[in-house]
Amino acid sequence: MYRLARAGLVRTALPYSAAGQGCRAANHGSPSPCDLEKIRRKQAFIIDMDGVIYWGGHLIPGITRFIEWLKETKKDYLFLTNASERTPDDIAHKLQDLGIQVSATHIYTSALATASFLASQKPGGTAYVIGDSGLTNALYNQGFRLTDKNPDFVVVGETKDYGFEKIEKAINLVYGGARLVATNRDVVDRRSDGGFIPSCGSLVAPIALATKHEPFFCGKPNPLIMRSAMHMLGRKRSETVIVGDRMDTDILSGIESEIDTALVLTGVTKVGDIPNFPFRPTHVIPSIAHITPDHE
């Protein structure tokens, strides 16, 4: 195994068959009973959202029963998302509208991870923010003051309120000494109609290019957000599995955090994409619903 770390971007190489560990090799979408039983025995689940529990504004079939199973078996679980624009309460209400009853305490975002990181770096610090309420509220709750006058940090997250003036302001603040931080490196996100919208990685790119300052990304695949999630769950790595639909964020962050991973094929990554990566998930399953023992 080798690791190269820079600003949260870490690439890990594993032997192609190493992830299977005695079960069927993780290079297809047909899980063996051994795979599923290993996943079910885990006591804690870190679960991505878009592409795992819903896609295009619709629930993935079987997700309601899966969440019931988590509760019935008293599993610890946390929904972990790179999206930073909404607060956990907002996300909980969205899930309720879709038919899932999950409290905000079971939701953790890249905005929360970013605010926690900044508070550890500069308690009571200041920030100029390009982002929405999920990010600004997280920073306020960590004791940060938002300003455009000599801030300690320029912080970028997802938002539709984005334009030349904000880019210009951010560039000059970074040149003036502010440190550049972004919630996640995702370049695009999916719209409900199947199209795309620019995500945080695209929004911070002009600022990074103009200033020649590489942003520090706090969301997946940075192990920082996984450590925060593990702290919230209070579980050991060996007791935990991360379930996600993207090799480049969910699976990579699990590997770098030494947590077992389960790739679902209901979102971004498909079976044919897996050989394009130098690392492998521990398990590959058609959908998260297959984890439920009574799934048909």
Side-chain angles (χ1 to χ4, degrees), residues 3-11 80-88 108-189 197-229 231 248-249 252-253 256-257:
R3 296 186 178 183
L4 298 172
R6 183 173 180 234
L9 176 60
V10 189
R11 296 177 181 174
L80 186 68
T81 176
N82 259 358
S84 65
E85 66 270 30
R86 294 188 178 95
T87 67
Y108 195 71
T109 72
S110 66
L112 296 175
T114 300
S116 177
F117 167 73
L118 294 182
S120 72
Q121 295 290 302
K122 182 79 173 182
T126 58
Y128 174 70
V129 176
I130 299 176
D132 285 350
S133 61
L135 181 55
T136 56
N137 285 355
L139 289 167
Y140 278 132
N141 290 338
Q142 287 286 353
F144 260 65
R145 182 170 59 87
L146 307 189
T147 180
D148 61 358
K149 306 296 183 184
N150 301 316
D152 300 309
F153 302 94
V154 168
V155 187
V156 181
E158 283 84 5
T159 181
K160 293 182 180 179
D161 184 16
Y162 183 84
F164 183 84
E165 290 184 0
K166 291 192 175 185
I167 298 173
E168 181 183 19
K169 172 65 74 173
I171 288 171
N172 282 282
L173 291 174
V174 172
Y175 270 125
R179 286 166 278 177
L180 184 58
V181 175
T183 58
N184 65 82
R185 63 175 62 250
D186 296 354
V187 177
V188 294
D189 201 358
I197 56 174
S199 194
C200 181
S202 294
L203 303 185
V204 75
I207 304 167
L209 183 64
T211 61
K212 296 181 175 60
H213 281 68
E214 178 72 15
F216 183 82
F217 296 97
C218 296
K220 296 176 290 186
N222 192 336
L224 177 76
I225 193 172
M226 299 304 296
R227 287 196 292 270
S228 296
H231 179 74
D248 58 343
T249 55
L252 181 55
S253 62
E256 285 302 317
S257 303

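For Arg179, the CZ atom is densely surrounded, since the number of other residues' heavy atoms within 6.0 Å is greater than 12. Atom CG of Asn150 has 12 or fewer heavy atoms from other residues, nucleotides or ligands within 6.0 Å.
In this structure, Ile167 CD1 and Tyr162 OH are separated by 3.5 Å, a value rounded to the nearest 0.5 Å. Rounding to the nearest 0.5 Å places CG of Asn222 at 8.0 Å from CZ of Phe117. Separation of atoms CD (Glu85) and CG (Asp161) is listed at 13.0 Å; rounding is to 0.5 Å. Annotation: the span from His213 atom NE2 to Tyr175 atom OH amounts to 8.0 Å, rounded to 0.5 Å. Of the inter-residue distances, the one linking Ile171 atom CD1 with Thr211 atom OG1 reads 7.0 Å to the nearest 0.5 angstrom. Note that CG of Leu224 is 9.5 Å distant from OG of Ser257, once rounded to the nearest 0.5 Å.
Considering every non-hydrogen atom in both Asp132 and Lys160, the closest pair reads OD2-N, 4.2 Å. Nearest heavy-atom pair across Asp152 and Gly125 is OD2-CA, 3.3 Å. Between Ala182 and Pro215, the shortest heavy-atom contact is CB-CB, 4.4 Å.
A distance-only check finds no donor-acceptor pair linking the side chain of Thr81 to the backbone of Thr109 [under 3.5 Å]. The main-chain N or O of Ile225 is never found under 3.5 Å from a side-chain atom of Tyr108 such that the two would form a donor-acceptor pair. A donor-acceptor contact shorter than 3.5 Å is absent between the side chain of Ser116 and the backbone of Ala113.
Ring planes of Phe153 and Phe144: tilted class, angle from 30 to 60°.
For the pair Arg185 and Asp248, the minimum side-chain heavy-atom distance is 4.5 Å or more.
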Pair Ser110-Asn82, side chain to side chain donor-acceptor pair (under 3.5 Å): steps then yes or no: CA-CA 5 Å; Ser110 66; Asn82 259 358; 4.8 Å; no

Under 3.5 Å, which donor-acceptor pairs link side chains of residues 199-208 to any protein atom two or more places apart or in another chain?
unit_1 : atom_1 : unit_2 : atom_2 : d
Ser199 : OG     : Glu158 : OE2    : 2.7
Ser202 : OG     : Val187 : O      : 2.7

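Across Cys218, Ser228, Pro88, a single residue satisfies side chain to side chain contact (heavy atoms under 4.5 Å, CB included) together with Leu112, and that is Pro88. The one candidate from Leu146, Leu118, Ile130 that meets the side chain to side chain contact (heavy atoms under 4.5 Å, CB included) condition with Val155 is Leu118.
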